[in-house]
Amino acid sequence: MLAGWSCFDRIPVPSPHLALDAIGFRHGARPILDRLSLQVAAGERVGILGPSGVGKSTLLQIVAGLVAPSSGELGIDGASVTGPVPGATMMFQRPALLPWASVLDNVLLPSRLMGRRDPGRRDPGRRDPGRRDSGRRDEARSEALRLLGEVGLADRVDAKPHALSGGQQQRVALARALASRPRILLLDEPFSALDPEMRAALRADVKRLAQERGLTLLIVTHDPADVAALAERAVVLGGRPAGIVADFTLASEADLRARLGGHVSQNGREAA
Amino acid sequence: MSEASLAGRPLVPPIRPEYDHVLAPFVEAPVERVLPFSTRLWQQDWLRKGLIIVALILVWEGLARWQDNDLLLPGFGATMSALVEGLVNGELLDRVRISLVVLMQGYVYGIVLAFLLTTLAVSTQFGRDLLSTLTAMFNPLPAIALLPLALLWFGLGSGSLIFVLIHSVLWPMALNTYAGFQGVPETLRMAGRNYGLRGPSYVIQILIPAALPAILSGLKIGWAFAWRTLIAAELVFGASSGRGGLGWYIFQNRNELYTDRVFAGLVLVVVIGLVIENVVFAAFERLTVRRWGMAR
């Protein structure tokens, strides 16, 4: 039943492998990113740090295929990226939920759009409905409900986003991102608008859910605590135009902060 | 205790049981008190506004009686009886129908043109320049000033009316819709594209609903402009093939010195404007942008 469903199932071991090769980006005449090369292995969790305005978010948008690089090559699983990439899902600083849709409908958005494109994916334990539309719609619905349960919002599925708190909205955004069955989850300062308690709770959720699914994680942040909690590798951007000034495996938060001292000013915690 | 041992430990105040009193519930006086009936009544919006209207009517009626000249200033009673008479014998309803039919044609054409222009403007540089130049030129031009020209081109009839109506709706509508599209948050656009939306489905599922508050306000402004323009245009001429709308009704009755009917027509103009704005548009807003938390 699984066989022949999609191109993804035919690859025996899915290898979400991200390769940036000499990526450059210019905003008008102003160079932002300069020949930036980065390799990320499947399931790796990478924190991208750097001062405000250095081009961290732009880098993430390039990886998602939302912004075209001015030069260089970007490949995901060996395929060159030329437009929005299915499977590379972004979570933004603000939840970016559709205000006119209920919480459940927001989470259902990706599956509605994926419709024909990418049915049941690599998780062999997942039952794929062989039937067309209605079966798939039911499955999408139950999966959306399950995801909302996992982020602790099972009782708010019919609410409109504006009735939720900022933290709850960001949880809906997380559930929506996971509903798109991503291989790469791109987080763009997803916790910066939250208070510290909420931030820690959501961080734990992201970590648990991403680990369960073996997702490749790229998180852009100016808060070393985010990176320490979520990532196993840190990439520091710096300079103008920006390049990678440091790339190392994380030992501990204290170690990270000590290493960052050289690259990012510690009081450089401006509002993003 | 030294400073060092305090640092790094959360400070918890010591609890001294001898000072830890449990308070008895407060029952000496009512905590909640019902406001006096008059105060609650005065909080009703409709009542306060209603009282203002009643006061105005009293002043009007008093002035009319003191003036004692129905040709110049008919009183409230006379106006109402003319209004009821006009409604009962069907003449006013017929006039309103004629006006609204013409209005809707001009309104719909104007909206469609505005959407086309806005679509062009969001997708091409040329469209943007076109929109900004055209609106800069024509938005300040009162529609009624085009009427002589319209009469020359389209003759006496609904064609000229529709022409000036389109002019009155198109520019404010296009400006508002364009501003609405421009104002869609970048994150929402990116989220839409990130989930694979593009082309028309991106416009319909993301841009239009996200810009709906601005589009709605464009529709409201367009409606208000169109209604004023129509009544004014009908006053100038408006009887095509012997059938005129509400403005023509007012003009005709002024010529025949039925001043009470003139007043009745004016009252109806106000009432219809209010009903469309406060019932039709308000309901639409309540069902959409308010329910979505996009407007208060």
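So you know, we letter chains A, B, ... as the sequences are listed, proteins then strands, and number each from 1. Fair warning: this is a prediction, and the values are worked out from it, not measured in the lab.
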* Based on non-hydrogen pairs under 4.5 Å, which of A101(A), A64(A), P99(A), A173(A) is most in contact with chain B? ->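 Highest number of heavy-atom pairs under 4.5 Å: P99(A).
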query = Hey, what do you get for OG1 (T118(B)) to CD (Q182(B)), rounding to the nearest 0.5 Å?
reply =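 The OG1 atom of T118(B) sits 10.5 Å away from the CD atom of Q182(B).
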Tell me if a side-chain donor or acceptor on N194(B) pairs with a main-chain N or O of M90(A) at a distance below 3.5 Å.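 Judged by distance alone, yes, a pair lies under 3.5 Å.
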> Do the side chain of Y107(B) and the main chain of L219(B) share a donor and acceptor less than 3.5 angstrom apart?
Replying inline: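 Yes: the side chain of Y107(B) pairs with the backbone of L219(B).
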Note to self: Looking at every non-hydrogen atom in both residues, tell me the closest pair between Q93(A) and S192(A) and how far apart they are.
What the structure shows: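 Between these two residues, the closest heavy atoms are NE2-OG, 3.0 Å.
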- Return yes if a side-chain donor-acceptor contact under 3.5 Å exists between Q168(A) and R171(A), otherwise no.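 The answer is no; no qualifying pair exists.
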Item to check | Structural part of L186(A) lying under 4.5 Å from a heavy atom of chain B | outcome: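 No part of it gets close to chain B.
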Exercise. Which atoms of A88(A) come close to chain B, meaning under 4.5 Å heavy atom to heavy atom: side chain ones, backbone ones, both, or neither?
Worked result: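 For A88(A), the backbone is the part near chain B, not the side chain.
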W223(B) vs F281(B) aromatic rings, parallel, tilted or perpendicular, using cut-offs 30° and 60°?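 Because their plane-to-plane angle lies in the 30° to 60° range, the rings of W223(B) and F281(B) count as tilted.
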**OP:** Quick one: which residue pairs count as a salt bridge (charged side-chain N to carboxylate O under 4.0 Å, His left out) with a foot in residues 207-223 of chain B, not counting sequence neighbours?
**Re:**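 For residues 207-223 of chain B, and leaving out neighbouring residues, the salt bridge (charged side-chain N to carboxylate O under 4.0 Å, His left out) pairs sorted by first residue read K220(B)-E285(B).
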Quiz prompt | Toward chain A: residues of residues 205-216 of chain B with heavy atoms under 4.5 Å | solution =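 The residues closer than 4.5 Å to chain A, in numerical order, are Q205(B), I206(B), P209(B), A210(B).
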